[in-house]
Amino acid sequence: MTGGRRKARGLALQALYEVDSTGHDIESAVAHLLAAGELSAENDAFVRGLVSGVIQNKDKIDENIRSFAPAWPIEQIPAVDRNILRLAIFELLFDNKAPVKVAINEAVELAKAFGSDNSSKFVNGVLGSVSALADK
């Protein structure tokens, strides 16, 4: 199950990155990735829920990024890191289905897989601060 969820989060990240970088339609980006993703129906729904949740709450999520990474204007955060943060902050503050440690660990793993050498440290640092809100 964990492997499926991790893969699902990776696909959700790819969809968010594609939409953020290119302006493509969110539904077609998700459908295209899911068609090739070979996930269970449950994890397909998980991807769709993550992506739609991030899109619906993007302004509030971005406010949190601005608050917890004030040295980094959101437009200057690399697109991969920005979307990893959006995904994790959605899970931490809005979705509340994954335990805090799981959401942070998954985000750090995504940063290691898709980001730069410093991405995992940056993501972990920002989410460590955000997690204080999630614990309330």
Side-chain angles (χ1 to χ4, degrees):
M1 170 104 162
T2 304
R5 287 285 166 132
R6 179 163 288 174
K7 186 173 183 182
R9 283 184 180 92
L11 291 177
L13 170 63
Q14 290 174 56
L16 292 168
Y17 176 85
E18 178 178 335
V19 170
D20 190 30
S21 300
T22 65
H24 288 167
D25 173 67
I26 190 71
E27 189 51 46
S28 59
V30 170
H32 171 74
L33 287 164
L34 288 179
E38 301 173 7
L39 294 175
S40 66
E42 180 184 342
N43 282 328
D44 273 8
F46 182 62
V47 171
R48 290 183 185 282
L50 289 174
V51 172
S52 67
V54 169
I55 297 298
Q56 289 170 7
N57 296 287
K58 187 168 155 280
D59 292 340
K60 291 178 188 163
I61 292 168
D62 285 357
E63 283 175 29
N64 279 283
I65 295 172
R66 284 186 195 93
S67 295
F68 291 104
W72 290 90
I74 203 150
E75 313 75 41
Q76 292 181 11
I77 296 172
V80 170
D81 297 357
R82 180 171 59 237
N83 285 289
I84 291 170
L85 288 173
R86 285 175 176 159
L87 189 59
I89 290 170
F90 170 72
E91 284 200 85
L92 288 169
L93 301 182
F94 297 89
D95 193 42
N96 299 316
K97 291 180 184 162
V100 170
K101 287 181 179 173
V102 170
I104 292 173
N105 184 55
E106 290 294 314
V108 169
E109 291 303 316
L110 287 171
K112 288 177 181 174
F114 295 103
S116 69
D117 290 346
N118 297 321
S119 293
S120 60
K121 289 179 187 164
F122 175 69
V123 165
N124 192 41
V126 173
L127 294 179
S129 299
V130 171
S131 70
L133 293 178
D135 290 338
K136 292 180 182 174

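When reading the values below, keep in mind they use all heavy atoms of this one structure, side chains included, and skip hydrogens, waters and symmetry mates.
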If hydrophobic clusters are built from ILVMFWY residues whose side chains come within less than 4.5 Å, do Val102 and Leu92 share one?
no

With Asp62, which residues qualify under salt bridge (Lys or Arg N to Asp or Glu O under 4.0 Å), at least two apart?
Arg86

Quick check: are there more than 12 heavy atoms from other residues, nucleotides or ligands sitting under 6.0 Å from OH of Tyr17?
no

Is there a side-chain contact (heavy atoms from CB on, under 4.5 Å) between Val19 and Val51? Walk through the geometry before answering.
CA-CA 10 Å; Val19 170; Val51 172; over 6 Å; no

Smallest heavy-atom separation, Asp81 atom then Ser119 atom, equals OD1-OG, 2.7 Å

Got a list of side-chain donor-acceptor pairs under 3.5 Å for residues 65-78, not counting sequence neighbours?
residue : atom : partner : partner atom : Å
Ser67   : OG   : Glu63   : O            : 3.0

Could you tell me the separation between the CG atom of Leu93 and the CG atom of Asn57, rounded to the nearest 0.5 Å?
10.0 Å

Gap separating the CZ atom of Phe90 from the CG atom of Leu16, nearest 0.5 angstrom:
10.5 Å

Who passes side chain to side chain contact (heavy atoms under 4.5 Å, CB included) against Gln56, sequence neighbours left out?
Ser52

Out of Lys101, Arg6, Arg5, which residue meets the salt bridge (Lys or Arg N to Asp or Glu O under 4.0 Å) rule with Glu106?
Arg6

Charged N to carboxylate O below 4.0 Å: is that the case for Glu109 and Arg9?
no

Quick check on side-chain contact (heavy atoms from CB on, under 4.5 Å): which of Ile104, Leu110, Ile84, Asn118 does Val123 satisfy it with?
Ile84

